[in-house]
Amino acid sequence: TPTGNAVKTINNENRPVKEFIMTAFYDNTGIWFSLKEISVNKGDIVRIKVTIIKGTHDLVIDEYGIKKMTPLNEEVVIEFTADKVGEFIYYCSVPGHRQKGQWGTLKVLE
């Protein structure tokens, strides 16, 4: 079953950590990340926990230099500081997956 939620914690430097949990999968209608949008504030530490429940995928955010393979049934943790303001697309770079719906928007607010 697809999941997605956000948890806010504080790290050792007393900076906000925004944690998001999502799954990646495909069905008869397309290929998906369970979260279509992630919103954070500039300066937040972003922690995305991704678990692939069906298929072979990765997670890419070009503007943050992130490209992480996500093995089947293993939780992968991607963590970075949201230091750029704007809307950025996160997606799976496996050929055809982004075109079939496996992408979402990371919104970093001022």
Side-chain angles (χ1 to χ4, degrees):
T1 254
T3 61
N5 62 359
V7 178
K8 187 172 182 176
T9 60
I10 302 292
N11 72 350
N12 293 341
E13 301 159 12
N14 209 27
R15 292 176 55 207
V17 175
K18 295 221 177 136
E19 184 172 289
F20 301 88
I21 299 170
M22 74 169 102
T23 55
F25 62 99
Y26 65 89
D27 60 23
N28 292 336
T29 61
I31 305 171
W32 314 106
F33 285 120
S34 60
L35 283 178
K36 294 302 285 177
E37 184 176 296
I38 294 173
S39 291
V40 299
N41 295 312
K42 183 178 181 186
D44 285 348
I45 296 170
V46 180
R47 183 180 299 138
I48 304 171
K49 294 181 175 182
V50 184
T51 303
I52 304 308
I53 58 174
K54 191 172 184 183
T56 301
H57 310 283
D58 62 10
L59 190 136
V60 178
I61 307 172
D62 292 325
E63 295 83 357
Y64 281 93
I66 294 167
K67 181 172 183 174
K68 191 86 168 185
M69 288 305 300
T70 51
L72 186 63
N73 297 320
E74 287 182 34
E75 182 178 80
V76 173
V77 178
I78 299 162
E79 189 168 299
F80 61 97
T81 300
D83 58 0
K84 299 174 183 79
V85 172
E87 291 191 7
F88 311 100
I89 300 297
Y90 56 89
Y91 63 95
C92 178
S93 70
V94 173
H97 285 203
R98 182 175 178 175
Q99 294 80 358
K100 291 180 180 174
Q102 193 171 19
W103 62 275
T105 305
L106 166 67
K107 292 184 179 181
V108 181
L109 309 172
E110 190 63 58

* Could you tell me whether a side-chain N or O of K36 sits under 3.5 Å from a main-chain N or O of W103, the two making a donor and an acceptor? => yes
* Carboxylate-amine/guanidinium contact K84 E63, below 4.0 Å -> no
* Asked: Which distance, rounded to the nearest 0.5 Å, do you find between the NZ of K49 and the OG1 of T23?
  -> 14.5 Å
* Can you see which heavy atom on G43 is nearest to which on T81, and at what distance? => O-CG2, 4.0 Å
* To do: State the CD1-NE2 distance between I52 and H57, to the nearest 0.5 angstrom.
  => 5.0 Å
* Structure fact -> Partner of I38 under side chain to side chain contact (heavy atoms under 4.5 Å, CB included), picked from I61, V108, T105, I48, is I48
* To do: Could you check whether the rings of Y64 and F80 sit parallel, tilted or perpendicular, using 30° and 60° as the cut-offs?
  => tilted
* Is a side-chain N or O of D27 found less than 3.5 angstrom from the main chain of G30, in a donor-acceptor match? -> yes
* Could you pull out the closest heavy-atom pair between Q102 and W32, with the gap in Å? => NE2-O, 3.6 Å
* Gap separating the NE2 atom of H97 from the CG atom of D58, nearest 0.5 angstrom -> 9.0 Å
* **F33-I78 co-clustered via ILVMFWY side chain contacts under 4.5 Å** => yes
* To do: Kindly compute the distance separating SG (C92) from CD1 (I31), expressed to the nearest 0.5 Å.
  => 7.5 Å
* Asked: How long is the gap from CG on L109 to CG on D44, to the nearest 0.5 Å?
  -> 9.0 Å
* Determine the minimum heavy-atom distance between V76 and P71, stating which atoms define it. => CG2-CD, 3.7 Å
* Residues I66, Y90; criterion side chain to side chain contact (heavy atoms under 4.5 Å, CB included); working and verdict -> CA-CA 9 Å; I66 294 167; Y90 56 89; over 6 Å; no
* What is the minimum heavy-atom distance between R47 and V77, and which atoms define it? -> CG-CG1, 3.6 Å
* **Distance, nearest 0.5 Å, that separates CZ of F25 from NZ of K54** => 10.0 Å
* Asked: Does any non-hydrogen side-chain atom of L106 lie less than 4.5 Å from one of V40?
  -> yes
* Hey, does M22 have a side-chain heavy atom less than 4.5 Å from the side chain of L59? -> yes
